[in-house]
Structures are given as C-alpha cells and as structure tokens.
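Computed from a predicted structure; not experimentally measured. Just so you know, ligand 1 is whichever comes first in the structure, and atom 1 is the first atom listed for that ligand.
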Amino acid sequence: MAQSLNLFISTSISNPHSKPTFQIPIQTPNRLFTLPKRKPTLSFSLNNGQGGSSLSAVTADYVSDNGAKPLIADSTSIEVDAVTEAELKENGFRSTRRTKLVCTIGPATSGFEQLEALAVGGMNVARINMCHGTREWHKGVIERVRRLNEEKGYAVAIMMDTEGSEIHMGDLGGASSEKAEDGEVWTFSVRAYDSIRPERAITVNYDGFAEDVKVGDELLVDGGMVRFEVIEKIGPDVKCLCTDPGLLLPRANLTFWRDGSLVRERNAMLPTISSKDWLDIDFGIAEGVDFIAVSFVKSAEVINHLKSYIKARSRDGDIAVLAKIESIDSLKNLEEIIQASDGAMVARGDLGAQIPLEQVPLAQQKIVEVCRQLNKPVIVASQLLESMIEYPTPTRAEVADVSEAVRQRADALMLSGESAMGQFPDKALTVLRSVSLRIERWWREEKRHEAMDLPDIASSFSDSISEEICNSAAKMANNLEVDALFVYTKDGHMASLLSRCRPDCPIFAFTADTSVRRRLNLQWGLIPFRLGFSDDMESNLNKTFALLKARGMIKSGDLVIAVSDMLQSIQVMNVP
Ligand SMILES: Nc1ncnc2c1ncn2[C@@H]1O[C@H](COP(=O)(O)OP(=O)(O)O)[C@@H](O)[C@H]1O
Ligand SMILES: C=C(OP(=O)(O)O)C(=O)O
Ligand SMILES: [K+]
Ligand SMILES: [Mg+2]
C-alpha cells in the first residue's frame, strides 16, 4: 500500500501540471476521499442523469431510425461512432448497448447501402470469411467499410477469418444448394470435376480423403445437418449412403466419425494455417484489417507464431489475433491458447461437429469465463438466429440462446449466415441489439454486481497498479452510480481492464490511435473515441468536457470517474 502510494505521489510530482486535487490513492475506501477544492461539489443524491436516463432506458430498446442517422465527423478533434453519438444524445448514458455485434458479410450484405444499414443497426465489427469468395471480392467489402467509416462517421472494424485446414466440400459448381434424400448414394471424391459434375458427386478438398475414411464410417456435413454412411471405396471415389437427408451447401464442412467418435488423425497432419491461409493473412496485413481470427487453433504455438509474423510485417501497429475455439484440441489447451491470443471466438458451428452437441453450452460457458478472467474479449458465434436466414422472426429458443450469451456477459455476439446470405440481415441485427439491451438492463436493475472472482493477471508491478485502479474505479462507479467512466489509454490496456469489470455505466475510452480505437470496438461496454491528448490530465479532462458538451454528449453535473494510464490515478468529478 505504502509503496503504491509512493508511486502515485512520484507520478504526480513528475507531472507538476496535473494538480491532483481530487485523486484518490489506490484502494483507499471511497468514504475517505477529500472533496475537490475547485471542482463542482459532488452531489450524492444523483438525480442528474440517473433518474431521467433510467426512465428513458425503458423505452430505449431500439435505436430510433431518426436517432441513428449518421453524422459526418465534424472538424472538432474528437471522433466517435455516429450511431453511439446519436444514441447517447437521445437516450443518455444508460441506454448505450454494452454487448458488441459482429456481422459476417456475404452476398446479402456486401453492397455499400447494405453495409450502411448494418452500421446503422449497430454492427461494430464486419467479418469476412476467407472460406468463401475471392480476395478481390473481400477487398471490395473492406474498401466499402472504410469508405463508410470515412464518409459517414462510423468506426466499424474489420475481422478476417481464415479458412483453416478443415475438410470441406467444393462449391457445387455454382449451385446455391443441393438436396440429398434419404437412401441416395452420393460420391465424395478428391477429383475436381471441371465443367460437368456428374449427378450426386461432390468434390472434397482433402487429398488424403479416400485413404483416411473406412467403410462403415459416418460422414457428417456441417456437423450433422446431413449424414452419410461410407459404403464403398473405389480409387479416389468414396460412395456414401444418405442416412439423414438435408440441404448440401457450397463448401460445407465435413467430419467423419468412427465407432461414435470423431476421427482426428487426419487433422493432426494438417497445419492450422495452410499455405492458402498465409496468402490470405498477407492480404489481411496489406489491407490493414483490425482482427485476424484463426480457425481450428490447436495450440498456443501457432498464435505466437502468427503474432510475431504480423509484428514483423504490419505497417501501423498490431492486428489483434483471435483464436477460434472449435476443436477438441483447442478445448484441451484452452487456457494457454487464450493467454497467447488477443481474444477468442466460441465457434459453435464446428465445435458442435467435434464434441457432442449437449456439451457445447458448457464449453461456451467455460470459454467465456476463461476469457473474462484472462482479460481477453470473447465472441459467441454461430446459429444464434439461424432460422432468421429464412424467416423474419426468430424462434423463442434462439432468443433464449442470445439472452444466455448476454447474461454470461460475453463481449460480442456474431451473425453468420443470417447476415451473409440470409433474407433478413437487418432484422437479425435488430434482434441481437434489442435482446442485448434488455438483458443488460435487467442485470443493472437486479444490481447483479459481479459475482465472478477476477484473478490478478498483471505481470509487473506497474500493471498491478493499473489493474487495482481499474478494479477500484469500476467498483466505485457502481457504488456511486456514476454516469460514465472515462479512460485515457494509449494502447487500450486500461480500457480493457475496466471492461473486464463489467461496470454498470458505459466506459468512454479515449485514445489517440485510430487502430486502437477500432480494436476497442470488440470489447464489452467500451465506447471508443479518438482524441489527441497529453500527459496532463487536467487539460485532457477540460478538453474532453468541452468537446463532448459541444456535441451534446454530456452535460454539466454528470458524474464521471476518470482513470488514465499516464498518471496512475482515479479522479471523481461532476462535469463543470
Ligand atoms: N464471402 C462470401 N461469399 C459467398 N457466400 C458467403 C460468403 N461469406 C459467407 N457466405 C455464406 O454464408 C454462410 C454462412 O457463413 P459462415 O458461417 O461464415 O460460413 P460457414 O458456413 O462456411 O461456416 C456460408 O455457408 C456461405 O453460404
Ligand atoms: C464461426 C465458425 O467458423 P466458420 O464459420 O469459419 O466455420 C464456427 O465454426 O462456428
Ligand atoms: K473460416
Ligand atoms: Mg468453423
């Protein structure tokens, strides 16, 4: 304690301009703090913002069309996502959505207007899946997202998802799907059927396919959406009897099972990052994507390798590397993989093809928990609103599934086919948004302050101080019912530590770096702003207050707690 207090004092002394009138030594119980001399007196009755905004939060389940109309970034030196700005102005602090939303971009959403509709609807991250489409096609999407950000004031980040070394079918020669009926015999083969593909013949992308399967194996398409039994092998051709009929989709994933368990030997032979993936990764680096999600991660090694590869090649700063947890191996090495990564995805599609379906919910719970403890953002993905690919309304079970992911306090939810090729991408996004808002509000109303024990994760004494500051600041924010937490952060670390605490109020994260700002988009409760700031907290705060007030995003009397990673301190104040 004495040591950290010393450090606090010496930090202030080395920065004589900061006049720490209202700084609280680390971990001091809040009843001991001194009132500010020059700042407006704290009012602990806190009607400002609280009463009004919690009332408006009741009606704030949807971003109104009008409210979400994007504003072109003006000439002031603060930038924030246009949708968030509108939401804050309309409904106040409490209404902002804390759970982030990721949309997979496909043929249904790749146009500029369609992307804009998703941005208006709350898309924080656009995902491109390198399993599908050409690099040219994805480049077009990236360009349109960038243009949208520049012209319309959004801050949508881009996530590139690698194909990985999975076994999958070919693209059905352009057909959108094919129906496999019960009792039909289909041929799966490594042969590339050029122009004329025989009836009921499917290309498989894995050379060792015919050697590896055995007669009697079960072949699962898309984790069991369609099932076959291997009945005969003739050279490269594998004859399979359809036992569970269904639709075969282009490039659908294939797994095979023997005596009730997944055949994994062939997986061990394949590299996690294939040579095609490396080319895609080079493409992602050249295009400056914000996240690379690695499919079928087996160990921490591949993540470390990719991170150093990126570090040596990426122009400005980092690209965050996310580990997709979708295999038995990734579950086995879960903690070390997550520790090595910048975040993770619960990729339930393939996970459900590798472990029994009834184990997927428990795996999800565990992955979300480990990520939270290790302070890594986590995305819950796949089939959240699957029926909305075809129908405008979700099933009750789907709504319950989305609610559960929000209740687990995952950082982000993801749409796959719903937004990539479904008929109702915007409606699906609206469902994610409104369910998130509803469950988040329930959580606050129930005052379910964190039950989860957050272990110390700092690796240095300075990091420990940051961690303690964030834990204390988040706790104070809940107890004092402040309107917002402010964090001034160079690399986003302090912001993520605050997010990890899942406080009741939104977290305004100020950073000078545009790529850090986009990356913060994936983390729970963070509202990233781009703002140039100095080491002088006093002037940073004054500048921020002036800019935000001018934009109508805060008002005099709002209660704020500010922390920064330059001056390790906590400040509590009313907006002057
Ligand atoms: N870039 C794309 N081009 C064409 N279709 C796509 C693209 N991205 C996604 N899709 C379609 O959306 C579906 C769902 O996307 P996703 O879940 O990311 O892939 P997968 O089904 O391969 O796991 C895909 O099966 C595919 O039909
Ligand atoms: C998100 C997933 O990966 P992909 O869509 O690339 O198969 C998944 O398997 O759930
Ligand atoms: K993929
Ligand atoms: Mg997958």
Side-chain angles (χ1 to χ4, degrees), residues 102-111 114-115 125-142 144-145 158-172 174-178 205 220-226 247-255 272-274 276-277 280-281 283-284 291-297 322-328 330-331 343-355 357 360 363-364 367 378-386 388-390 401 405 412-423 425 428:
V102 182
C103 300
T104 303
I105 305 305
T109 40
S110 60
Q114 292 156 327
L115 288 167
V125 179
R127 167 184 180 252
I128 49 173
N129 187 351
M130 303 312 279
C131 264
H132 306 280
T134 59
R135 272 177 219 128
E136 264 325 289
W137 188 92
H138 292 295
K139 193 177 158 76
V141 172
I142 295 172
R144 287 188 284 280
V145 171
I158 305 230
M159 175 191 303
M160 190 191 91
D161 194 322
T162 64
E163 175 167 346
S165 298
E166 61 169 349
I167 300 183
H168 57 73
M169 312 186 329
D171 62 7
L172 301 180
S176 62
S177 67
E178 271 189 50
N205 74 329
L220 271 63
V221 180
D222 260 346
M225 303 310 283
V226 189
L247 275 189
L248 303 173
L249 297 173
R251 300 172 74 76
N253 157 291
L254 297 175
T255 45
T272 302
I273 301 180
S274 69
K276 187 239 178 201
D277 289 340
D280 287 338
I281 287 165
F283 163 79
F291 303 95
I292 293 179
V294 187
S295 294
F296 298 100
V297 173
L322 308 178
K324 291 174 70 185
I325 309 300
E326 53 183 343
S327 64
I328 294 173
S330 61
L331 284 178
M345 184 193 294
V346 189
R348 305 186 304 184
D350 284 297
L351 193 57
Q354 296 226 344
I355 62 174
L357 281 180
V360 174
Q364 173 180 324
I367 299 162
V378 61
I379 306 161
V380 173
S382 295
Q383 298 185 351
L384 276 92
L385 298 172
E386 187 80 359
M388 290 192 78
I389 292 176
E390 279 180 82
D401 177 49
L413 308 175
M414 189 174 107
L415 294 177
S416 302
E418 302 92 332
S419 56
M421 48 89 164
Q423 291 186 50

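- Angle OG (S295) to the K ion (ligand 3) to O (T162): 50°, rounded to 10°.
- If you check which protein heavy atom lies closest to atom 6 (O) of ligand 2, you get K324 NZ, 2.9 Å.
- The K ion (ligand 3) has no N, O or S atom of E163 inside 3.4 Å of it.
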What are the atom names and distances for all N or O pairs under 3.5 Å between ligand 1 and the protein?
residue: ligand 1; atom: 18 (O); partner: R127; partner atom: NH1; Å: 2.8
residue: ligand 1; atom: 18 (O); partner: N129; partner atom: ND2; Å: 2.7
residue: ligand 1; atom: 19 (O); partner: N129; partner atom: ND2; Å: 3.1
residue: ligand 1; atom: 19 (O); partner: H132; partner atom: NE2; Å: 3.4
residue: ligand 1; atom: 22 (O); partner: H132; partner atom: NE2; Å: 2.7

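- Minimum interatomic distance between A344 and I325 (heavy atoms only, all atoms of both residues): CB-CG1, 4.4 Å.
- Between the side chain of T104 and the main chain of A420, no donor-acceptor pair closer than 3.5 Å is present.
- Those atoms of ligand 2 that come under 4.0 Å of a heavy atom in G349, given as number and element, are 8 (C), 9 (O), 10 (O).
- No donor-acceptor pair under 3.5 Å is formed between the side chain of E418 and the backbone N or O of A428.
- For D280, the salt bridge (charged side-chain N to carboxylate O under 4.0 Å, His left out) partners are R135, K276, not counting sequence neighbours.
- Closest heavy-atom approach to atom 1 (C) of ligand 2 among the candidates G417, S382, G223, G352: S382.
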Problem set entry | Intermediate values then yes/no, side chain to side chain contact (heavy atoms under 4.5 Å, CB included), M169 and L249 | CA-CA 9 Å; M169 312 186 329; L249 297 173; over 6 Å; no
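- Under 4.0 Å from ligand 2, the heavy atoms of R348 that appear belong solely to its backbone.
- Nearest non-hydrogen protein atom to atom 7 (O) of ligand 2 is D350 OD2, 3.0 Å.
- Side-chain atoms of N205 come within 3.5 Å of backbone N or O of H168 as a donor-acceptor pair.
- Counting only distance, with no hydrogens or angles, the side chain of S295 and the backbone of T162 share a donor-acceptor pair below 3.5 Å.
- Scanning the protein heavy atoms around atom 5 (O) of ligand 2, the nearest turns out to be R127 NH2, 3.1 Å.
- The shortest N or O to N or O distance between M414 and ligand 2 is not below 3.5 Å.
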For this session: Go through H132 and M421 one step at a time and tell me if the side chain to side chain contact (heavy atoms under 4.5 Å, CB included) criterion holds.
Result: CA-CA 12 Å; H132 306 280; M421 48 89 164; over 6 Å; no
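- Remark: the backbone N or O of I328 is paired with a side-chain donor or acceptor of Q354 at under 3.5 angstrom.
- Among the heteroatoms counted here (N, O or S) of D161, OD1 is the one nearest to the K ion (ligand 3).
- The two residues A108 and Q114 make their nearest non-hydrogen contact at O-NE2, 3.1 Å.
- Coordination check, M130 versus the K ion (ligand 3): failed, since every N/O/S atom of the residue sits at 3.4 Å or beyond.
- Nearest non-hydrogen protein atom to atom 2 (C) of ligand 2 is A347 CB, 3.6 Å.
- For the residue pair Q364/R348, the side-chain donor-acceptor check at 3.5 Å is satisfied.
- Contacts of T104 with ligand 2, taken as heavy-atom pairs under 4.0 Å, are absent altogether.
- Of all atoms in ligand 2, listed by their number and element, those nearer than 4.0 Å to a heavy atom of M345 are 1 (C).
- At distances below 3.5 Å, not a single donor-acceptor pair connects side-chain atoms of D171 with backbone N or O atoms of R251.
- Listed by number with element, the atoms of ligand 2 under 4.0 Å from a non-hydrogen atom of E326 are 2 (C), 3 (O), 8 (C), 9 (O).
- Within the 4.5 Å cutoff, side-chain heavy atoms of R144 are placed close to those of S110.
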